[in-house]
Amino acid sequence: MRDRLCGTLRLDDAGTRVRVCGWVAKRREHGEHLAFVDLRDHSGVLQCVVPGTVDVRSEYVIAVEGEIRPRLEGTENTDLPTGAVELTDCTVTVLNAAEPPPFAVDDRVEVDEVIRLRHRFVDLRRPRMQANLRTRATINSALRSSMDRQGFVEVETPLLWAPTPEGAREFVVPSRLHHGKSYVLPQSPQLAKQLLMVAGVDRYYQIARCLRDEDLRADRQFEFSQLDVEASFVTQEDILAFVAEAVLDAAEAVTGVRPDEVPRMTWAEAIDRYGSDKPDIRFGMELIDLTSVFSGTGFRAFDAPCVKAIVVPEGASTTRSRLDALTDRSKALGAKGLAWFRVIDGGEGAIALESPVVKFLSEDEQAGVLASTGASLGDLVLVVADEYRLTCSVLGSLRLDIGGRPVSEGPYAYLWVIDFPMFDGADDAGNPIAAHHPFTMPHLDDLELLETDPAAVRSQAYDLVLNGWELGSGSVRVHRADIQSRIFAALGIDEDEAASRFGFLLGAFRYGAPPHAGFAVGIDRLAAIFAGEDSIREVIAFPKTQSGWDPMTDAPKALADGALADLGLRPLPALD
RNA sequence: GGACCUGUGGUGCAGUUUGGAGUGCACGCCGCCCUGUCAAGGCGGAGGUCGCGGGUUCAAAUCCCGUCAGGUCCGCCA
């Protein structure tokens, strides 16, 4: 039907007769003797010259036959890769007429996202979206070939799985054959891939769809894809090497540049310096500790377990309303408040602090702030005083609010965050909560702390971070029953509960579980960053809105009459 | 569950602060003209429950209350 793609034609092709197919991007008529048709396919746009008039409209699907010739002198279009040539003496065949599109198929127009999603088949026709889909495909392909090369075998795991009440909320699939019982869609293939290790698969990977019934964000959809990895007889170091190899292969495939080694930082350092377990290390504004400056302070607001600051370069001119907004933001994040200090000229070549609260600080404290922060004239110093973790997280958020850049903006700053804590926080009963999941191997140096000081136990868990987004996480798994029992004990899970929740896994482990470890990389996030997008929706063909609505299909929808009964379900009376 | 921002012809906006006729801009659409344009150009035309409901007022796109939808964020995401 066609013999060339529109966007591929060049001067070298001059003199050849070709037939191309695509959509009418633009028609320009010049009376009864001449018309131009810009023909678009996924590869680009080609100008077709029609002798006479042509009865086509935007987005008509047409085939055009003609001869490629160099453009007339002075009519070349340098904005177009095909701009040195044009298809001349064209015969146009209309393959399908089209109504005017609801919005222009053009990267230059901004369109409301609901309208784009309702007509996604038109939206995806836009060059930028075509490029995004292809960037994602390039990543998938590079990841697969990298894992293949590294000796991993791709295994598919079930989408219909058993409920495991732990972690993310699961999508439920009621059973028709077993009324009252349900499958769930997997929030990840975590347990399946560990079983594959017991099964002797040795090195597994899968580009796996994961489903989580949790609230959506710019970087979160109900369903997303992971490069899921698990390997036996390996250490944390091996996993970091496997995953870095695959991700850097993908980066090279997309950008043409292979990044350097991925630097590492411990979780504790990330929290301390950046107030985040996924620090964006593309810029500074690191957290500065002022606790010792204010030990024994007379200023009650700073009489706290931890006092930290960030310095906003050139921030002294920040308006009062903006500072008030930052204070509100700090409170919304859980801080009691926010203290700000403008660094002003103190006379005689010195600098000084200016703030409504500066009068509550001693001379030594003011000097200590300036010395510790290294702030200079014209800067703004923001101070939070509270419990350690809260102080860090609030300042970490403010750092991003003030200095943050779009995630997709270069340079690409990869980071391994290692040595995550084993437990983080406590549940209503006062038991620790597993920071990663309960099959995570503790740091061997910290094993004895499981019973004495669980909060201090580090785990062999690790995250990969890119430009402040968590690209993925993984861990070394527990394969020994004795250590697993001690972890369950620390979590307050007794034998019966463990058996009912994870019985099939623990049972399998009795039949020869090898030491194993794994990881999962978020492909949507990786694709978004490489595509230059700040939302993963731009690299998903048919995404949903923040409330989980699909404007194209109108899902979710009420089921047809009888469908619920087939599943043994009956709706509850409406609440109002 | 919560905070903030947004909602005006097919698309993108201005108009809202300080109430006064659906007023305007750009693109698109329809018709006519045009032999080298390329987001072509010229002339003419059509197209609107100002998200929805209620209230205040002589009068509401504009002020107030509620509600729906979208986005960003907090919670949530082992």
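Chain identifiers are assigned alphabetically (A, B, ...) following the order of the sequence lines, protein sequences preceding nucleic acid strands; residue numbering begins at 1 within each chain.
The side chain of D112(A) lies closest to G12(B) when the candidates are G12(B), U35(B), U11(B). Comparing G71(B), U72(B), A39(B) by their closest approach to the side chain of E113(A) singles out G71(B). Comparing A39(B), G71(B), C73(B) by their closest approach to the side chain of A218(A) singles out C73(B). Among the nucleotides G12(B), C76(B), G36(B), the one closest to the side chain of I115(A) is G12(B). With G12(B), C76(B), G36(B) as the candidates, the nucleotide lying closest to the side chain of R220(A) is C76(B). Among C34(B), C30(B), G36(B), the nucleotide with an atom closest to any side-chain atom of R57(A) is C30(B). Nearest to the side-chain atoms of N77(A) among the listed nucleotides C76(B), G36(B), C38(B) stands C38(B). Nearest to the side chain of Q47(A), among G12(B), U37(B), C73(B), sits U37(B).
Classified by interplanar angle (parallel below 30°, tilted 30° to 60°, perpendicular above 60°), the ring pair F121(A)/H119(A) is perpendicular. Ring-plane geometry between W416(A) and Y462(A) is classed as perpendicular, the angle between the planes exceeding 60 degrees on a 0 to 90 degree scale with a lower cut at 30. Note on ring orientation: taking the six-membered ring where Trp is involved, the planes of F420(A) and W267(A) are tilted (angle from 30° to 60°).
In this model, the phosphate group of G28(B) is approached by a side-chain N or O of K26(A) to a distance below 4.0 Å at OP1 or OP2. For the OP1/OP2 pair of U37(B) and a distance below 4.0 Å, the side-chain nitrogens and oxygens of R28(A) include no atom meeting the criterion. OP1 and OP2 of A69(B) both lie 4.0 Å or more from every side-chain N or O belonging to S547(A). One finds a side-chain N or O of R217(A) lying less than 4.0 angstrom from the OP1 or OP2 phosphate oxygen of C74(B). A close approach under 4.0 Å does not occur between any side-chain nitrogen or oxygen of R69(A) and OP1 or OP2 of G36(B). Side-chain N/O atoms of Q546(A) include one lying less than 4.0 angstrom from OP1 or OP2 on U72(B). In this structure, T75(A) does not reach the U37(B) phosphate: none of its side-chain N or O atoms is under 4.0 Å from OP1 or OP2.
Side chain R71(A) to base C38(B): a donor-acceptor pair is found below 3.5 Å. Taking 3.5 Å as the limit, the base of G75(B) and the side chain of D215(A) contain a donor-acceptor pair of atoms between them. Evaluation of atom-type donor-acceptor distances gives a pair under 3.5 Å for the side chain of E86(A) against the base of G36(B). Counting atom types as modelled, R212(A) pairs no side-chain N or O with a base atom of C77(B) as donor and acceptor under 3.5 Å.
D107(A) and R128(A) are not joined by a salt bridge, as no carboxylate oxygen comes within less than 4.0 angstrom of a charged side-chain nitrogen.
Using a 5.5 Å limit on the distance between ring centres and a 30° limit on the angle between planes, the aromatic ring of F36(A) counts as stacked on the six-membered base ring of U37(B). In this structure, H30(A) forms no aromatic stack with the base of G36(B), since the conditions of centre separation below 5.5 Å and plane angle below 30° are not both met.
Under a 3.5 Å cut-off, the side chain of E86(A) and the backbone N or O of V49(A) do not form any donor-acceptor pair.
The side-chain tip of R399(A) points at the ring of F283(A) from less than 6.0 angstrom away and within 45° of straight on.
Base pairing annotation: A26(B) forms a Watson-Crick or G-U wobble pair with U11(B), both donor-acceptor distances under 3.5 Å. Of all nucleotides present, none satisfies the Watson-Crick or G-U wobble test against G75(B) with each distance under 3.5 Å. Base pairing of G20(B): its partner is C58(B), meeting the Watson-Crick or G-U wobble criterion (both donor-acceptor distances under 3.5 Å). In this entry A69(B) has U6(B) as its Watson-Crick or G-U wobble partner, both defining distances falling under 3.5 Å.
Nucleotides G75(B) and C13(B) have their P atoms positioned 30 Å apart, rounded to a whole Å. The separation of G12(B) from U56(B), taken at their P atoms, amounts to 35 Å, rounded to a whole angstrom.
To the nearest 0.5 angstrom, H443(A) atom NE2 is 7.0 Å from Q236(A) atom CD.
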